[in-house]
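Residues take their numbers from the sequence shown, with the count starting at 1. Counting starts at 1 for both ligands and their atoms, following the listed order.
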Amino acid sequence: MIRPFRLADDLEEAYRVFISGFYHVYWPLFNEAAPSLGKDFLRICALIGSRSFSAEADGRVVGILLGAAQPKWKYVRAGIAEAIFRFGPKAIFNRYQMSPFARKHLRRLFYGYRPHFFKHPFHFPWAEIILFAVHEDFRHRGLGQKLMDAFLDIVSHKAIPQATVCTDTKMSWKFYPAYGFTRVREFPLTAYKYTHPGEEVSGYIYAIETQADSSRKKGEKT
Ligand SMILES: CC(C)(COP(=O)(O)OP(=O)(O)OC[C@H]1O[C@@H](n2cnc3c(N)ncnc32)[C@H](O)[C@@H]1OP(=O)(O)O)[C@@H](O)C(=O)NCCC(=O)NCCS
């Protein structure tokens, strides 16, 4: 079942989905910091997103898509306030009990992800997939596609012509061309210097035209 994401109810299970999808690139933050770090990060994404969905199976949340579709200013403001007044100070004063390595990794992510922002082709009205994951035990059953359908239906309904997503070669980026997205940017990514030392990683930005609804899904398979 796909339904709107409920921050208050879904956070705990969404955190497990987040770990399952991102452990290989974020493990120092999961292993060497308090869980509140990841949960606060999800809270910021969900606040800014405000067009987010959960996939439920066996009575629990097993997939999440946190997305933004021309979000109201009050939601963006709430997310930014959460980042500046809660997340930032807690990280600086180490309320998340990060080890020195986890802190180093967090800083590297912060700097390493900058190209995603600077190279991003922003179009207004704006729609973005901020965080997308399905628990590994539930992948390849069509849940990712259903979550994406639900988000893009909202985007189309709001007459936003394009939706974008940032990904990279360490993530399941092939989902996007398989679904019908087109790669619009490619650049070297240094965010995973500590989790994948010495490896060359490329950052990608994918876009999909939402008006062409009927041509979505299962475009090129790579
Ligand atoms: C991307 C993700 C959410 C897809 O979830 P899912 O529920 O497995 O997706 P679906 O079952 O709807 O997949 C639909 C199709 O997309 C393609 N696809 C999905 N994941 C893929 C992958 N890792 N590699 C290649 N193709 C993939 C396939 O064509 C798939 O059809 P198939 O299973 O019949 O081959 C999931 O792989 C995931 O959580 N990955 C880890 C986190 C991540 O990388 N998130 C996105 C990038 S930031």
Contact region, Val134 to ligand 1, non-hydrogen atoms below 4.0 Å, reads both
task: Using only heavy-atom distances, determine whether the side chains of Thr190 and Arg108 contain a donor-acceptor pair under 3.5 Å.
output: yes
Presence of salt bridge, Glu32 and Arg103, under 4.0 angstrom: no
Filtering Ser172, Ala133, Gly21 for the heavy atom nearest atom 44 (O) of ligand 1 leaves Ser172
I'd like to know if Lys146 pairs up with Asp149 as an ion pair, taking the criterion as any Lys NZ or Arg NE/NH1/NH2 lying under 4.0 Å from an Asp or Glu carboxylate oxygen. no
### Message
Would Lys170 pass as a cation-pi partner of Tyr192, given that its NZ or CZ must be under 6.0 Å from the six-membered ring centre and within 45 degrees of the axis?
### Response
no
Of Tyr204, Phe175, Tyr176, the one whose closest heavy atom lies nearest atom 14 (C) of ligand 1 is Phe175
In ligand 1, the atoms that come under 4.0 Å of a heavy atom of Ala178 are 17 (C), 29 (O)
For Lys174, the ligand 1 atoms with a heavy-atom partner under 4.0 Å come out as 24 (N), 25 (C), 26 (N)
If you compare Gln145, His140, Met148 by their heavy atoms, the one closest to atom 20 (N) of ligand 1 turns out to be His140
Quiz item: Around Tyr111, counting heavy atoms of other residues, nucleotides and ligands shown, do more than 12 lie under 6.0 Å from its OH?
Solution: no
Within 4.0 Å of some non-hydrogen atom of Thr167, the atoms of ligand 1 are 47 (C), 48 (S)
Are Lys119 and Glu186 ion-paired here, with the side-chain N under 4.0 Å from a carboxylate O? no
Honestly, for Arg141 the part within reach of ligand 1 (heavy atoms, under 4.0 Å) is backbone
Quick note on ligand 1: atoms under 4.0 Å from a heavy atom of Met171 include exactly 42 (C), 43 (C), 44 (O), 47 (C)
**Prompt:** Would you call Arg3-Asp10 a salt bridge at under 4.0 Å N-O?
**Reply:** yes
